[in-house]
Amino acid sequence: MYKIAKENLSALFQAIAGEQELYLPVNNNGQVNFAAWTEGADVDLDTLKSVKSPKDAFFPQSENLYTVKTEDKKLKVEPEALKDQDFVVFGMKACDVKGIEVLDKVFLVDPVDTFYAARRKHGTIVVMACHEPEETCFCKVFGIDCADPVADVATWMIDGELYWKALTEKGEALTAKVAGLLTDADETKVEEEKKAIRAIVEKLPYSDLSLEGWNGDVLLEKFNSPIWEKLYKPCLACGTCTFVCPTCQCYDIKDYNTGSGVQRYRCWDSCMYSDFTMMAHGNNRTSQMQRFRQRFMHKLVYFPANNDGMYSCVGCGRCVEKCPSALNIVKVVKAFEEQGGEN
Amino acid sequence: MSIENNNEFRPKIVAFCCNWCSYAGADLAGSSRLAYPADVKIIRVPCSCRVNPMFILRAFEKGADGVILCGCHPGDCHYTTGNYYARRRMTLLFSMLDYIGVENGRTRVEWVSAAEGVKFSQTMNEFVEKIHSLGKNVRLGDLRCKN
Amino acid sequence: MQELVSRAKELLANGTVERVLGWKAGDLPYNPEPAYFYVEEDFDNFVYNGFCGANLSKYMIEASKMEGKTLVFLKPCDTYSFNQLIKEHRVDREKAYIIGVGCKGKLDIEKAKKAGIKGIESVAGADMSDACDTLTFQTIYGEKTCAYADVMLERCHVCKGKEHVISDEVIGESNDTKDAERFAEVEKIEAMSPEEKFAFFQKELSKCIRCNACRNVCPACSCRKCVFDSTKFDSAQKANVDSFEEKMFHVIRAFHVAGRCTDCGECSRVCPQGIPLHLFNRKFIKDINEFYGEYQAGADTDSRGPLTNFTFDDVEPSIVTERG
Amino acid sequence: MQRIGVFVCHCGSNIAATVDVKKVAEMALLEPGVVHAEDYQYMCSEAGQARIQAAIKEKNLTGIVVCSCSPRMHENTFRSAAEKAGLNPYMVEIANIREHCSWIHKDMEEATKKAVILARAAIAKVNLNAPLKPGESLVTKRALVIGGGIAGIQTAIDIADAGYEVDIVEKTPSIGGRMSQLDKTFPTLDCSACILTPKMVEAAAHEKITIYTYSEVEAVSGFVGDFTVDIRKKARYVDSDKCTGCGVCQEKCPSKKSLSEFNRGLNTRSAIYTPFAQAIPNVPVIDTDACIKMKTGKCGICEKVCQAGAIDYQQKDEIVTQKYGAIVVATGFDTIKLDNYDEYAYNQSKDVITSLELERVMNAAGPTKGHLERLSDGKHPKEIVFIQCVGSRCADNRGKSYCSKICCMYTAKHAMLIRDKYPDVNVTVFYIDVRTPGKNFDEFYRRAVEDYGVNYIKGQVGKVIPQPDGKLLVQGADLLDNKQILKEADMVVLATAIEPNPDVRKIATMLTASIDTNNFLTESHAKLRPVESPTAGVFLSGVCQGPKDIPETVAQAGAAAVKAIGLLAKDKLLTNPCTAKSDQLLCNGCSTCANVCPYGAISYEDIEVNDHGIRETRRVAVVNSALCQGCGACTVTCPSGAMDLQGFSNRQIIAEVDAICR
Amino acid sequence: MSHVNKAKQIKEISGVNPLKCMKCGKCSASCPSYNEMDIKPHQFVSYVQNEDIESLVASKSLWKCLSCFACVERCPRDVKPGKLIDAARQLVVREKGQTYLSPDEVPELLDPETPQQLLVSAFRRYRR
């Protein structure tokens, strides 16, 4: 276990960024999001949650796949290079890391998504414990311990000092690179911090949320429930929840006409959008209710049914904060719970 | 070609011309041999009111350095009122482009009648000169369109 | 609030309306959601307080397709949107029973959170009956207070007024919340150099994640199929974070609603990235007022919008250059 | 994917001298969709067209681009050439590499480069062209003429003579219009009634003409070739079929105090009346405001005296709905109100009259039986002053900005007639300018001065002051002598400005015909299409389009008739296929497009749609392609992009933009 | 000041565009002081148009005009010669500089022959 004083962090960032790309929470015009570190960037480690989850470090919102160029009447295809440089993502939270685990289940199984795999291979994650969890957090529900997060390096910010603990080989390697800036530390304070955080987590309003009965066995029952018809009503069909979500992995593939050719790129898609999974014959979900249902059924039923019970929600609470109509997954779960109680 | 080889800035300029007045005005400029730079390329539309602000933004997105819209003089529209609507649309669009920091000489509206070949040519000469002074459109172009 | 509930129950009971569109209390103290109420018991969750910022007019597009009348609660600014939707034949006046509700300014919980208030367990001072101008938060990390006005949405600081331009009846009092000039922010930008303007908007718009919340919440953006989703127009764009959002999307969107935007402020309210989107719409409104005379979209249901109208001596587009 | 052929024209050396035409053809071959490219000396020549046609057939082309002169020059040539080779004519696009390229650039390299880009844009466009077919609409072989004055009568007769049914709708109880009120006509001084009445009779007797008098147009729908019009036949309370026109009812009617409209209110008429003796139809109407029976229920004298039993107090207004292929507006004019001109004392003295009133005074059937006398005391006037330009050529809002055109001539006529009949009467005319363009017009005016001794004074009258002794003191200026003139007159005649019939605004709205600030109907082109309204199928006859005298009116009436006949002669109308089209699945039904359509071509329908599985009834815009002229205003105003313009579609224009900016 | 400038100034003060005049003479026909005037009302317009301000300013007419505004009222072309006269008078007054009359001096200067209408007119004109 090491530590570093908060005021020395910029030196730390500089040191890391000197060797590789560094992504970390940066405040841009009042909004904190993960971004590449640059000299003078307004790094913000105090804000608990970045607006967007840091999943773009591995699965960017938009990325080129290949470019087609016209040469006379022939076409030339230039594939986009895979990530081949190491990089560090600093300041992810336990839920964000769990989100990456969910993405792994999608992108690293056969057929492997090479773009994603290359980023995972080259990325080192430095996770931070959540000093002051908020009322929208419910990671505990998914068995995540935000007091003791697990990644390549785990860190805790306690009284102006960042405690640092490498957990993997990648973590050790990174630690070695910045060893000069770190000093040895004991774990007493960290243990205290963990206890304090866990105590707060217990008090959070969503911590006692129960996911009992959400699994593949109840697929049809849940699917056919009349509750959806009521629940979806305020939904505006925007993509906010999916775009801030650390686990949403759906993407669309599009072409952009550059004039001299075509760039094929993929970008995040949202199951809330009316043109989601649009096919030649039309769309297999025609109403917003169906699209709304899809999102939650996917997270709470289909995904765990196919992935040994792992939900594709990590309780980060971003959708709770950002939905323009104040809808969220917790309200959905609770609505079913109430209905279950009545029946 | 040599034009591309020397590094002189050759702007891309799109001119939308209504079929009844301005396109004919451009024809007259041609038959009167009134020269203007080859950077100007004309797109024929039935009326200035056919020009969607999106076309203008599209041109900039795809790398145009200037866009000019020519139509019948107010009151002379072949369709009686089209250019009045175009005038309002363009005024608001240009004002918005100015507001977001696009140099405001990159867009222009000029009323050119079928008899005004001289005016057409003069306008185009002026406009090209203006775009030259503003240089390449870097603010609105899409990065992906860089050749 | 009780008055709203009892009146709504009465209108349901006597068959005037089939359903009620209002707000339902959320699972946190500050997240009520738009909801339909059909029977008396539904009203147990009914709420109307400072957090009920959502403009219910847009929901009336769908409600207009349902059988019978819908009772809808509209705040003063929402009524402009409703009027505009009538003008565009998107809602059916006959299908709506409008109760205008009073408004004391709506709250933006983000502002409280930005001020460092987290772990919120309860909020006091946000109810319509609360006369105090302070909000008191009970949080996991202790009690916090802040001024009501400091947590108010931007739009309430430049409120159009507390008149309901359309309603069947009005219930509840309103407070004047206007304490800023509507066009002050726009003027500030207008005064910048082109470089500053460009930098300002690039910085704001680079945050855009193209979630489409601004578009989907907008009562003026009520197209069945948005041009950005349509393949027909060759304009479909989806989450190209590089260039399009920063330069085109918001300008095109603002132009699409120019002359129809009532300045309800929903776009700015819902933007997850806190982009001041109203600055685009308000620029158009300011220009329209200056060039073509004062115009407030939604003030009536029959006047011609400024972009579907003209006068013979309108200003020429060159005014943009001439005014410097 | 299209199979496109590109044809580059040398235009002799017009193009080839500055543009490397071979290079253009070569570069065009590299563009997507292009399967054939060639250059030729003169593409528009027979041989050139033959090459295009051959290529279309051999290479099975689906679209062609001709790089040549302006499309305004030869687009139609190439379209019909393509059509003859079996290609839809709207699959042809022109790249203008002459007017827009070779003629304005000197440097061959530069011009060639631009020509390549222009060709590329045209190719990009034609890639997205779709075959278009002009629409067809049937023509109802019947015309409507609104207004039964000389303009309307002449138009109706001309159309009827060509063999088409014509209906005349006239608001007043008789046809005849203003001309029937005139005494004599310039410059020949023949009696107005003598030349008009035969025309009226001809119209009435014409088997192809139906006259609806005392009727008004109530509603118009439809479009060129297929208008549907509701005509309100106001109740006359006299059965036209039974009435013999004997006139006994008018004689016996006890209510005789209504002012005669025909005599400009200078005398009175009975409550049951025909406006004038030669009225057509010669069937009286009952003025319900004046009729004692109508007001009190008592009286009924007319019914009792009517031998034919034609009086029917129960008669109701009747709506006749009729279809027409063409509509001619001939609504005529009236004189302006003089309330704003106190200085001429029109409202103060009965002896200050308008020229139209003088017509009635001079007319043998008028209030004074044709004797020239003062209306105040019946005395014979010795001194008459005419004042010109009363309310005409006026920059303020008291009068009209235009010249009423007819006043100079009729004043000369009046002056001459008075001096002829009453040589003892002095006639003075205060004028600003005397305007006499027209055959034998200036000669006519000179005769008034030289042969009849009419005193023309250059200068305007400032004030007319009624004197206690009944005389009128006229204070005027003589600008040539630089004198102010005070003249005692017995009568003053005001050459009052004319204005379009006020009802024309209502009619223009119904027809969606445009109207100018003075309420004159706008013609489609001031010089080249002077009798056509911009609204297809609507034609203009007479003063409703602008001030004119009788010969001009009759000429225009004939011209309007010819235009209408030209339309009615067609069985079907081919419509420009480059019209707007609304995608019903995208349309919001918001009505924004209809607001900007200058032709009223957009209407809304509630239709059942199946939008990717969602079935619902939606209000959607429907474009009437017969009315749409293809300006595209609607396409831009449409928020959802549902409205598009065929031939200039959003995608086509965007493709051109992309091709140019590439 | 050149005569061109003076003409310009008169046009500015009066707001009159002499080019609008169609030379109908209605002003002269309406003028109650016509016979007293050496330059007639309709001629004011052409004098201004021809920029012969010297003659205009020197003319008697300037002081014979009653400002009754009959010409202004009746002019069909919105030219309003009365306003030109007014403007010419102002030009003269301005050239005198600040040497205005004080109210006390007025009664002495009053000519019993001065029409009452002129006084009323002057009050109307200068009350602001």
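Side chains included, hydrogens not; waters and symmetry mates left out as well; all remaining heavy atoms used. Numbers restart at 1 for each chain; the letters A, B, ... are given by sequence-line order, proteins then strands.
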Q: Report which part of B:Arg44 has an atom under 4.5 Å of a heavy atom belonging to chain D: side chain, backbone, both, or neither.
A: both
Q: List the residues meeting side-chain hydrogen bond (donor to acceptor under 3.5 Å, both in side chains) with D:Lys106, not counting sequence neighbours, and say none if there are none.
A: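 Per chain and number, D:Lys106 pairs via side-chain hydrogen bond (donor to acceptor under 3.5 Å, both in side chains) with no residue.
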Q: Which of residues 20-34 of chain B have a heavy atom under 4.5 Å from any heavy atom of chain D?
A: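 Answer by number: B:Trp20, B:Tyr23, B:Ala24, B:Ala26, B:Asp27, B:Ala29, B:Gly30, B:Ser31, B:Arg33, B:Leu34.
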Q: Tell me, for B:Val51 versus chain D, whether the close heavy atoms (under 4.5 Å) come from the side chain, the backbone, both or neither.
A: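 Contact with chain D is through the backbone of B:Val51 alone.
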Q: Can you name the side-chain hydrogen bond (donor to acceptor under 3.5 Å, both in side chains) partners of B:His73, sequence neighbours left out?
A: B:Glu116
Q: The criterion is side-chain contact (heavy atoms from CB on, under 4.5 Å); which residues satisfy it with D:Asn519, sequence neighbours excluded?
A: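 D:Asn519 satisfies side-chain contact (heavy atoms from CB on, under 4.5 Å) with D:Pro500, D:Val504, D:Arg505, D:Ile515 once adjacent residues are dropped.
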Q: Counting only heavy atoms closer than 4.5 Å, note whether B:Tyr85 contacts chain D via side chain, backbone, both or neither.
A: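 Contact with chain D involves the side chain of B:Tyr85 alone.
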Q: Is it the case that D:Lys125 places NZ or CZ above or below the six-membered ring of D:Phe648, under 6.0 angstrom from the centre and within 45 degrees of the axis?
A: yes
Q: Check D:Arg79 with D:Glu75, please: is the shortest side-chain N to carboxylate O separation under 4.0 Å?
A: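 Salt bridge flag = yes for D:Arg79 with D:Glu75.
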Q: For this output row, return yes or no: ring centroids of B:Phe120 and B:Tyr36 closer than 6.0 angstrom.
A: yes
Q: Output yes when B:Lys62 and B:Asp142 qualify as a salt bridge under the 4.0 Å nitrogen-oxygen rule, no when they do not.
A: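 The answer is no: the pair does not qualify as a salt bridge.
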Q: What part of D:Thr637 gets within 4.5 angstrom of chain B, counting heavy atoms only: side chain, backbone, both, or neither?
A: both
Q: Let me know if D:Ala633 has heavy atoms under 4.5 Å from chain B in its side chain, its backbone, both or neither.
A: both
Q: What part of B:Asn19 gets closer than 4.5 Å to chain D, counting heavy atoms only: side chain, backbone, both or neither?
A: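 Looking at B:Asn19, backbone and side chain both touch chain D.
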Q: Should D:Cys69 and D:Glu99 count as side-chain neighbours, where that means a heavy-atom distance under 4.5 Å?
A: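 In short, these two side chains touch, coming nearer than 4.5 Å.
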